[in-house]
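Index from 1, following the sequence. Hydrogens, waters and symmetry mates are skipped; everything else that's a heavy atom, side chains included, is used.
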Amino acid sequence: MPRSRDRGYLVFLLPSAVLFTAVIVVPFLMNVGIGFTRWQGIGDPRWIGLENYTRLLADERFWSSFRNNVALIVAMAIVPTLIGLVLAATLFDYVGKKVGPRAAGVLRAAYYLPQVLPVAVAGIVWGWIMHPRFGALNELLGLLGMEPRNWLGDPDWALPSVMVIMVWFQIGYPVVIFMSGLQRVDPALYEAAEMDGASWWRRFWHITIPQIRPEIYVVLLTCTIAALKVFGPIFVLTRGGPGGATLVPSYFSYQNFFEKANVGYGAAIATVLTLVIIAVTVFFLRVQDRES
C-alpha cells in the first residue's frame, strides 16, 4: 500500500520533471555537443573534438576570468556571510529586544532592498555614483581633498569597485536567512548564557553560529553559485573591462557566443563553468553531511 501511494505522488512531479528536462537538461546536453564543434551560429557545425578544450587550457583570458571569479566569490559569498551573521545576530539579539521587533524588521527590509532591485537599475545607479567626472563618490573625495579616480575604468580599481558593489548587493540575503534561522533557536540558551555572565560576542560565537550552521551552509552554497555564474552586474557596469580586469567566465562565454560568433568555444567555456558549479555543489553538500 505505501509503495502504490508513493507511485501516485510521481504524477505530481511529472510537470516539473518535464520542464526541468526541456529547460535545463536538453539545452545543457546540446551545449556540451556544440562545445566539440567549430560553429559561427549559422550553417553546419564542424566536429573538432577536444580542440576547444585544449585551447581553453592555453587561454590566459580564460584563467584570468576564473581568478576574477574567485575575487567575486569573496565579495558575494564570504564577506556577506560574515557581515550578515553579525548584522542578523545584532538585529535579533539586541535591536529586537532593546528597541523592538518592528525596528528590527524595518532594518532587515532595508538591508534586503538591493536584492529586489533590478540588476540593470542598480548597476546604472552605481555607474552614476562612480562616474569619473560627475560621480557622487569623486565629488565626496574632492570635498575631502583627495584625488578623484576612474573607479570602473581603471584596471587597478575596476575589480575592487565591482566587489564593493556586489557586497552591497548581496548582503541582505544572508541577513534574512540568518534571522529566520535564529527564530528556531531556543531562547533559554541565550538566557542561561547571559545569567552566567557571557558577553554578547561569546553568546554569538558559542550559541548563534553553532545553532544556525545549516543556514550558513545554505547561504555559502547559494552565494558561491551566484558568484560563479554572475553576469548581469558585469554586463551593466564594465562589460568585462577595462582590458579584461573584470572579465568572468559567464561573460567570456557570452562574448564568444554573441560578439565573436565563436559559438563552439563559448559553449566549451559554459560547459566547464557548469561542471565547476556542480563540483562546488557536491563539495558543499558532502561537507554539510559530514558536519551534521
Side-chain angles (χ1 to χ4, degrees), residues 1-37 39 41-42 44-45 47 49-50 52-53 69 72-73 76-77 80-81 112 114-120 169-170 172-181 183-184 212-235 248-254 256-258 263-292:
M1 179 65 71
R3 289 184 177 179
S4 62
R5 186 168 62 243
D6 291 342
R7 284 195 295 269
Y9 294 146
L10 296 176
V11 177
F12 297 97
L13 297 176
L14 186 59
S16 298
V18 171
L19 284 174
F20 178 80
T21 302
V23 176
I24 295 179
V25 176
V26 172
F28 174 70
L29 294 177
M30 293 175 63
N31 185 84
V32 172
I34 293 172
F36 295 107
T37 67
W39 189 35
I42 57 175
D44 296 326
W47 181 268
L50 295 175
N52 285 324
Y53 294 94
N69 229 162
L72 288 179
I73 289 173
M76 295 181 64
T81 299
Y112 192 73
Q115 286 281 306
V116 301
L117 290 175
V119 173
F169 188 83
Q170 198 76 6
Y173 172 69
V175 170
V176 170
I177 297 297
F178 294 151
M179 287 191 71
S180 176
Q183 293 178 2
R184 63 177 177 79
I212 64 170
R213 187 172 294 169
E215 285 79 4
I216 295 174
Y217 281 121
V218 169
V219 168
L220 282 174
L221 174 58
T222 54
C223 290
T224 299
I225 293 174
L228 286 170
K229 63 185 184 67
V230 65
F231 175 83
I234 300 298
F235 180 83
V248 292
S250 59
Y251 192 79
F252 189 36
S253 176
Y254 166 84
N256 282 278
F257 258 103
F258 300 105
V263 178
Y265 193 54
I269 298 168
T271 299
V272 172
L273 179 59
T274 302
L275 294 177
V276 170
I277 291 174
I278 293 173
V280 169
T281 302
V282 172
F283 171 77
F284 269 97
L285 293 178
R286 288 191 173 181
V287 171
Q288 185 176 6
D289 289 340
R290 193 179 301 123
E291 293 290 333
S292 59

remark   = Here the gap from Q115 atom CD to Q170 atom CD, rounded to the nearest 0.5 Å, amounts to 5.0 Å
Within-4.5 Å side-chain heavy-atom neighbours: V287 and Y217 = yes
task = To the nearest 0.5 angstrom, please state how far the CZ atom of F284 sits from the OG1 atom of T224.
result = 4.0 Å
message = Run the side chain to side chain contact (heavy atoms under 4.5 Å, CB included) test on V248 and F231 for me, step by step, so that the C-alpha distance in whole Å, both residues' side-chain angles and the decisive distance to 0.1 Å come before the verdict.
response = CA-CA 8 Å; V248 292; F231 175 83; over 6 Å; no
ask   = Does any non-hydrogen side-chain atom of I216 lie less than 4.5 Å from one of F178?
value = yes
Heavy-atom side-chain contact between F258 and V263 under 4.5 Å = no
query = Which class fits the ring pair F235 and Y251: parallel under 30°, tilted 30 to 60°, perpendicular over 60°?
reply = tilted
task = Using a cut-off of 6.0 Å, state whether more than 12 heavy atoms not belonging to L14 lie near its atom CG.
result = yes
query = Roughly how far apart are L29 CG and I24 CD1, rounded to 0.5 Å?
reply = 11.5 Å
task = Walk me through it: do Y112 and V175 pass the test side chain to side chain contact (heavy atoms under 4.5 Å, CB included)?
result = CA-CA 8 Å; Y112 192 73; V175 170; over 6 Å; no
ask   = Which of these passes side-chain contact (heavy atoms from CB on, under 4.5 Å) with F36: L50, N52, T271?
value = L50
ask   = Which atom pair, heavy atoms only, marks the closest approach of A267 to G35?
value = CB-N, 3.7 Å
request  = Please round to the nearest 0.5 Å and tell me the distance separating atom CG of L228 and atom CG of N69.
outcome  = 5.0 Å
message = How long is the straight-line distance from CG of L221 back to CD1 of I277, given to the nearest 0.5 Å?
response = 10.5 Å
key: Closest approach of L220 to A77 (non-hydrogen atoms, all atoms of both residues)   = CD2-O, 4.0 Å
request  = Tell me, yes or no, whether the heavy-atom count around R184 atom CZ, taken from other residues, nucleotides or ligands under 6.0 Å, exceeds 12.
outcome  = yes
query = What heavy-atom pair brings I34 and W39 nearest, and what distance separates the two atoms?
reply = CD1-CZ3, 3.9 Å
request  = Decide side chain to side chain donor-acceptor pair (under 3.5 Å) for Y265 and S253; before the verdict, give the C-alpha distance in whole Å, the side-chain angles of both, and the deciding distance to 0.1 Å.
outcome  = CA-CA 8 Å; Y265 193 54; S253 176; over 6 Å; no
task = Provide the closest heavy-atom pair for V230 versus P233 in the form atom of the first, atom of the second, distance.
result = CG2-CD, 3.7 Å
note = Between P27 and T21, the two heavy atoms sitting closest are CD-O, 4.2 Å
task = Can you see which heavy atom on P174 is nearest to which on V219, and at what distance?
result = CB-CG1, 3.7 Å
task = Decide yes or no for V119 and F169: does some side-chain heavy atom of the first lie under 4.5 Å from some side-chain heavy atom of the second?
result = yes
ask   = Which distance, rounded to the nearest 0.5 Å, do you find between the SG of C223 and the CE of M76?
value = 7.0 Å
task = Answer yes or no: are there more than 12 heavy-atom neighbours, outside F28 itself, under 6.0 Å from its atom CZ?
result = yes
